[in-house]
Amino acid sequence: MTLAFDIDSAAKIDVTPEGSDYDIVRQVIEMLSLDYREQPSLDSIAARLNQSPTQVQKVFTRWAGLSPKAFLQAVTLDHAKRLLGDEGLPLLETALEVGLSGPGRLHDLFVTHEAMSPGEWKAKGEGLTLRYGFHTSPFGVALVMVTERGLAGLGFCDPGEESVCYADMAGRWPHARFIEDRTATEPMLTRIFDPARWQGSEPLRVVLIGTDFQIRVWQSLLTIPMGRAVTYSDIAKDIGQPTASRAVGAAVGRNPISFVVPCHRALGKSGALTGYHWGLTRKRAMLGWEAGKVG
DNA sequence: GGAATCATGTGAT
DNA sequence: ATCACATGATTCC
């Protein structure tokens, strides 16, 4: 794996298998979605990126499992509604019975989660040691944070923004100790982004650090399967507070373990993507990437 | 239809 | 107390 800071100088290097793809992919997604009205052609996009159309097509498809055109379709309102809508099956509801600290097959990663006690939360990380590291990932630079009990934080940024990203994550537990330790975080990362290794024998351990309300919301998110989505009000209903959809939005936005706790699968009732803490483009990218893995 | 407006729960200050 | 929200429904043009 290449360190994030090395990448920018080396857009042409094709030695790094997946991480650098995202640089191109991100820009393609941005263009496609920014002026999607005009449906810009592959040629014009490639031209703006100083790449050949076939190169762009190839990189994009390798990354997403979907051609740029199919990708665009996968993130339209239409498709989003399909992710939300059909069959009105329970989707949520089931897994909350598992309760705290219960192991279960949640999400598509095999995840066990436990929550910090309210006391531990009030301490704002006092006495807690977090090891962290920056890595390349399919969605840009990833900041991983772990405790002895499991994965505690996962954030994203573009190359060059590492310090902002770190401040964002570290600020959530002001009294915790932070130690840079890439060897501790790396195995976690490779496992998370390799769907082939999901559902393995060893569950991925995850530690939810937040208020009671937030943890209920995050648990609810964990039960959304890949390739499906729910609305903020669905979640509100699921946790027994049907009028709290807005509060749910706020809690979803504070999710410290993005992607693993699939907050990108929460959409507005209309199917609009509404927002994403690490940038809407990344939310689109995750949704489209998953569409490629599931289809 | 689309803009403006309200009711709303939570968490930070 | 007050305020900002990754919402959603209603009410006006």
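In what follows, chains are A, B, ... by sequence order, proteins preceding strands, each numbered from 1.
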Legend entry - Letter per nucleotide, 5' to 3', of nucleotides 8-13 of chain C [B base touched, S only sugar-phosphate touched, - untouched; heavy atoms, 4.0 Å]: SS----

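Every residue was checked against the ring-ring contact (aromatic ring centres under 6.0 Å, His included) condition with Tyr232(A), not counting sequence neighbours, and none meets it. Partners of Gln55(A) according to the side-chain contact (heavy atoms from CB on, under 4.5 Å) rule, which considers only residues two or more places apart in sequence or in another chain, are Gln51(A), Ser52(A), Lys58(A), Val59(A). Applying the side-chain contact (heavy atoms from CB on, under 4.5 Å) rule to Ala247(A) yields the partners Phe213(A), Ala244(A); only residues at least two apart in sequence or on another chain are considered. The side-chain contact (heavy atoms from CB on, under 4.5 Å) test applied to Ser270(A) returns Ala272(A), not counting sequence neighbours. For Tyr132(A), the ring-ring contact (aromatic ring centres under 6.0 Å, His included) partners two or more places apart in sequence, or in a different chain, are Tyr166(A). Looking at residues two or more places apart in sequence or on another chain, you find a side-chain contact (heavy atoms from CB on, under 4.5 Å) between Thr76(A) and Asp78(A), His79(A). In terms of the salt bridge (Lys or Arg N to Asp or Glu O under 4.0 Å) criterion, Arg246(A) has no residue partners (sequence neighbours excluded).
Here dT7(C) presents its C1' atom at 13 Å from NZ of Lys237(A), a figure rounded to the nearest Å. If you measure from atom CD of Gln241(A) to atom C1' of dT7(C), you get 15 Å, rounded to the nearest angstrom. Rounded to a whole Å, the CE atom of Met286(A) is 14 Å from the C1' atom of dA6(C).
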Tell me which donor-acceptor pairs under 3.5 Å the side chains of residues 170-177 of chain A have, and how far apart each pair is, sequence neighbours excluded?
| residue | atom | partner | partner atom | Å |
| --- | --- | --- | --- | --- |
| Arg172(A) | NE | Asp168(A) | O | 3.4 |
| Arg172(A) | NE | Asp168(A) | OD1 | 3.2 |
| Arg172(A) | NH1 | Arg254(A) | O | 3.0 |
| Arg172(A) | NH2 | Asp168(A) | OD1 | 3.0 |
| Arg172(A) | NH2 | His277(A) | NE2 | 3.3 |
| His175(A) | ND1 | Ala123(A) | O | 3.3 |

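Nucleotides of DNA chain B that come within less than 4.0 Å of any heavy atom of chain A span, from the 5' end to the 3' end, dA7(B) to dA12(B).
Under the side-chain hydrogen bond (donor to acceptor under 3.5 Å, both in side chains) criterion, the residue pairs touching residues 142-154 of chain A are Glu114(A)-Arg149(A), Glu120(A)-Arg149(A), with sequence neighbours excluded.
The residue among Ala247(A) and Arg254(A) whose nearest nucleotide of DNA chain B lies closer to the 5′ end is Ala247(A).
No side-chain donor-acceptor contact under 3.5 Å links Gln27(A) and Arg48(A).
Taking a pair as Watson-Crick or G-U with both hydrogen-bonding distances under 3.5 Å, the stems of three or more pairs touching DNA chain C are B:1-7 with C:7-13, B:9-13 with C:1-5.
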